[in-house]
Amino acid sequence: MAMEMRLPVARKPLSESVGRDTKKHLVVPGDTITTDTGFMRGHGTYMGEEKLIASVAGSVERVNKLICVKALKTRYNGEVGDIVVGRITEVQQKRWKVETNSRLDSVLLLSSMNLPGGELRRRSAEDELAMRGFLQEGDLISAEVQAVFSDGAVSLHTRSLKYGKLGQGVLVQVSPSLVKRQKTHFHDLPCGASVILGNNGFIWIYPTPEHKEEGAGGFAADLETEGVRVSTEASLRTSSCLLLAMKWNWGALWSPGRTLRVPAAEAPSFLPSLAVSG
Amino acid sequence: MTQGAWCGGGVVRARATRADDVRRAKRLGSMASVSLSEAEKVYIVHGVQEDLRVDGRGCEDYRCVEVETDVVSNTSGSARVKLGHTDILVGVKAEMGTPKLEKPDEGYLEFFVDCSANATPEFEGRGGDDLGTEIANTLYRIFNNKSSVDLKSLCISPREHCWILYVDVLLLECDGNLFDTICIAVKAALFNTRIPRVRVLEDEEGSKDIELSDDPYDCIRLSVENVPCIVTLCKIGYRHVVDATLQEEACSLASLLVSVTSTGVVTCMRKVGKGSLDPESIFEMMETGKRVGKVLHASLQSVLHKEESLGPKRQKVGFLG
């Protein structure tokens with residue numbers, strides 16, 4: 001058995017020149033961005049005493065005459081077309097409330113959900129009564145953002161066979177600003193684990209299924225001992241790598257390509273090929 | 001609880017029902033809880049059967065522990081312990097008082113546990129009181145024997161004056177395995193406690209006067225050799241794990257708290273959870289608890305001595321580090 005006890009060590013402040021290609025203009029709330037009055041103010045700024053002042057902590061972005069501050073650590077703000085991984089918090093009449101790490105719970109309507117077998121028909125009263133049979137409180141789903149309401153709440157849909165209830169695996173939560181938008185968020189790593197990178201910062205790691213089931217539509221969650229030791233180990237190591245990367249503030253996560261750069265002392269014995277850009 | 005939010009009476013009624021809900025939930029499972037899907041729980045259980053936990057530990061491995069003493073300046077002794085994301089702060093204050101009637105030549109310890117809303121929103125208001133009293137009662141039980149702390153050294157004059165040590169535990173963050181962390185923190189805080197040395201002067205008339213020594217560094221220290229530590233063993237599937245995270249606690253139906261001293265002597269044992277335990281499993285878990293407890297004590301002793309050997313020039317990290 002292993003037991004490690006140690007004294008706390010103060011965190012060393014990150015030096016300015018830590019391999020950054022572009023210098024970002026970082027501000028904290030109250031910092032003056034510019035005294036030039038010719039700019040239009042965007043999100044995260046306000047006008048005070050003839051100066052443009054930042055109201056959130058983040059990096060300044062400028063598009064022609066528009067200045068806005070993009071916050072580094074924020075709740076998830078939904079955009080149409082994003083892939084999210086969410087947890088069901090409530091089962092209501094004709095819809096589910098899904099927790100996606102945003103300011104309001106997201107909504108998954110019964111009519112936006114695939115019926116088992118892929119059939120297309122109007123949802124009846126029996127479907128409404130059987131809602132808890134499809135998704136219960138605590139279940140994890142992968143879905144796509146269909147629409148954003150005026151108050152910022154997000155409406156999801158699972159109208160594709162690749163979305164639906166998630167089975168056995170591990171959920172890792174990172175900050176939403178670390179996940180870049182890209183063409184595909186479903187990746188199969190060569191080590192035997194598969195990954196769903198949710199735009200809301202929820203990352204789902206699961207053992208790669210041996211055969212891809214086409215028709216299930218994501219309802220039949222396999223509860224058997226499918227966890228072959230290798231693939232379980234793979235998914236666990238992947239989740240540890242992700243947590244390590246997030247702790248060290250290693251920037252955005254995006255599509256596979258380069259190997260994860262982990263210092264040798266902390267590296268697990270095999271590295272997933274998930275790229276992390278600093 | 002959005003209806004009745006307008007009138008003053010409605011708001012009061014709404015708040016009372018919400019507190020009732022919280023209290024009901026607390027009776028079912030008094031720890032802070034996290035919601036998991038069935039498949040996630042099955043995944044954790046299958047992993048544990050093969051000695052593979054979610055963060056890669058084995059079934060008998062602890063997460064990394066960080067211990068720091070003397071973090072609160074206006075106490076007689078304090079300690080802060082971080083086990084993973086579980087964060088506990090303990091402060092010990094020594095006050096003078098009268099001894100208890102049945103033990104006139106001994107001082108005593110009083111425990112108070114505050115589950116702050118910092119840890120989880122469930123602890124807001126009176127929500128954390130149940131868990132706090134449960135932990136305090138457990139602490140009273142494990143210290144309720146002659147050898148844990150030398151209470152006779154806390155006596156100033158029999159039947160009249162003694163030292164009472166008020167041990168206050170503050171829960172800052174909760175990520176599973178509260179009892180273990182709290183015990184480690186209490187032991188570290190008692191190790192750090194410095195009680196001022198006093199002398200009793202007697203006048204000709206017979207009235208007694210207590211004199212505090214002038215030197216602020218002249219104090220007595222408690223011996224914490226026999227202070228026990230709790231090892232929590234959670235039964236998950238057919239195996240048991242040490243130092244369960246919140247997710248693993250959600251998969252476990254029954255746990256055993258074993259209070260072990262540094263020599264492997266069990267001072268008290270308690271079963272929590274709504275599931276049942278086989279007597280053979282209880283025996284196995286107790287043996288594991290003893291083994292793990294001895295290693296825990298040895299590590300804690302070495303860290304505390306190492307911290308003390310750094311002396312007053314040690315750089316304090318505290319809460320801003």
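Small disclaimer: the values here were computed from a predicted structure and weren't measured.
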Exercise for review: Starting from the C-alpha separation in whole Å, work towards a yes-or-no answer on side-chain contact (heavy atoms from CB on, under 4.5 Å) for B:Asp61 and A:Glu4.
Suggested key: CA-CA 9 Å; B:Asp61 294 341; A:Glu4 195 203 325; over 6 Å; no
State whether the number of non-hydrogen atoms from other residues, nucleotides or ligands found under 6.0 Å of [X] atom [atom1] is greater than 12.
X: B:Gln315; atom1: CD; answer: no
X: A:Lys97; atom1: NZ; answer: yes
X: A:Gln92; atom1: CD; answer: yes

Practice item. Could you tell me which of A:Leu140, A:Leu171, A:Ile88 has the largest number of non-hydrogen atom pairs under 4.5 Å with chain B? Key: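 Top count of heavy-atom pairs under 4.5 Å with chain B: A:Leu140.
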Check your understanding: Should B:Glu66 and A:Val9 count as side-chain neighbours, where that means a heavy-atom distance under 4.5 Å?
Key ->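 In short, these two side chains do not touch, never coming nearer than 4.5 Å.
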State the [atom1]-[atom2] distance between [X] and [Y], to the nearest 0.5 angstrom.
X: A:Tyr206; Y: B:Glu40; atom1: OH; atom2: CD; result: 14.0 Å
X: A:Ile205; Y: B:Tyr43; atom1: CD1; atom2: OH; result: 8.5 Å
X: B:His46; Y: A:Gln168; atom1: NE2; atom2: CD; result: 6.0 Å

Exercise for review: Spell out, as yes or no, whether a donor-acceptor pair under 3.5 Å connects the side chain of A:Asp139 to the backbone of B:Ser37.
Suggested key: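 Checking the backbone N and O of B:Ser37 against the side chain of A:Asp139, no donor-acceptor pair under 3.5 Å is found.
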Practice item. State whether the side chain of A:Arg6 and the backbone N or O of B:Cys64 hold a donor-acceptor pair below 3.5 Å, judged by distance alone. Key: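 Not at all, since once roles are kept as given, no pair shorter than 3.5 Å links the two residues.
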Check your understanding: Considering all heavy atoms of both residues, which atom of B:Val317 and which atom of A:Ala10 are nearest to each other, and what is their separation?
Key ->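 So the two residues come closest at CG2-N, 3.8 Å.
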Check your understanding: Does the pair B:Leu310 and A:Leu7 meet the rule for a side-chain contact (heavy atoms from CB on, under 4.5 Å), with working shown?
Key -> CA-CA 11 Å; B:Leu310 291 174; A:Leu7 295 172; 4.0 Å; yes
Practice item. Begin with the C-alpha distance, continue with both residues' side-chain angles, and end with the deciding distance and a verdict on side-chain contact (heavy atoms from CB on, under 4.5 Å) for A:Met5 and B:Ile184. Key: CA-CA 11 Å; A:Met5 249 198 234; B:Ile184 296 175; 4.3 Å; yes
Exercise for review: Under 4.5 Å, counting heavy-atom pairs only, tell me which of B:Gly58, B:Ser35, B:Cys59 racks up the most with chain A.
Suggested key: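 Going by pairs under 4.5 Å, I would pick B:Ser35.
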Review point. Residues of residues 295-303 of chain B under 4.5 Å from chain A (heavy atom pairs)?
Key: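 Result: B:Val295, B:Leu296, B:Ser299, B:Leu300, B:Val303.
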Check your understanding: Relative to chain A, which segment of B:Arg63 carries a heavy atom at a distance below 4.5 Å: side chain, backbone, both, or neither?
Key ->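 Just its backbone gets close to chain A.
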Exercise for review: Name the region of B:Val45, side chain, backbone, both or neither, that has any atom closer than 4.5 Å to a heavy atom of chain A.
Suggested key: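 Contact with chain A: none, neither part.
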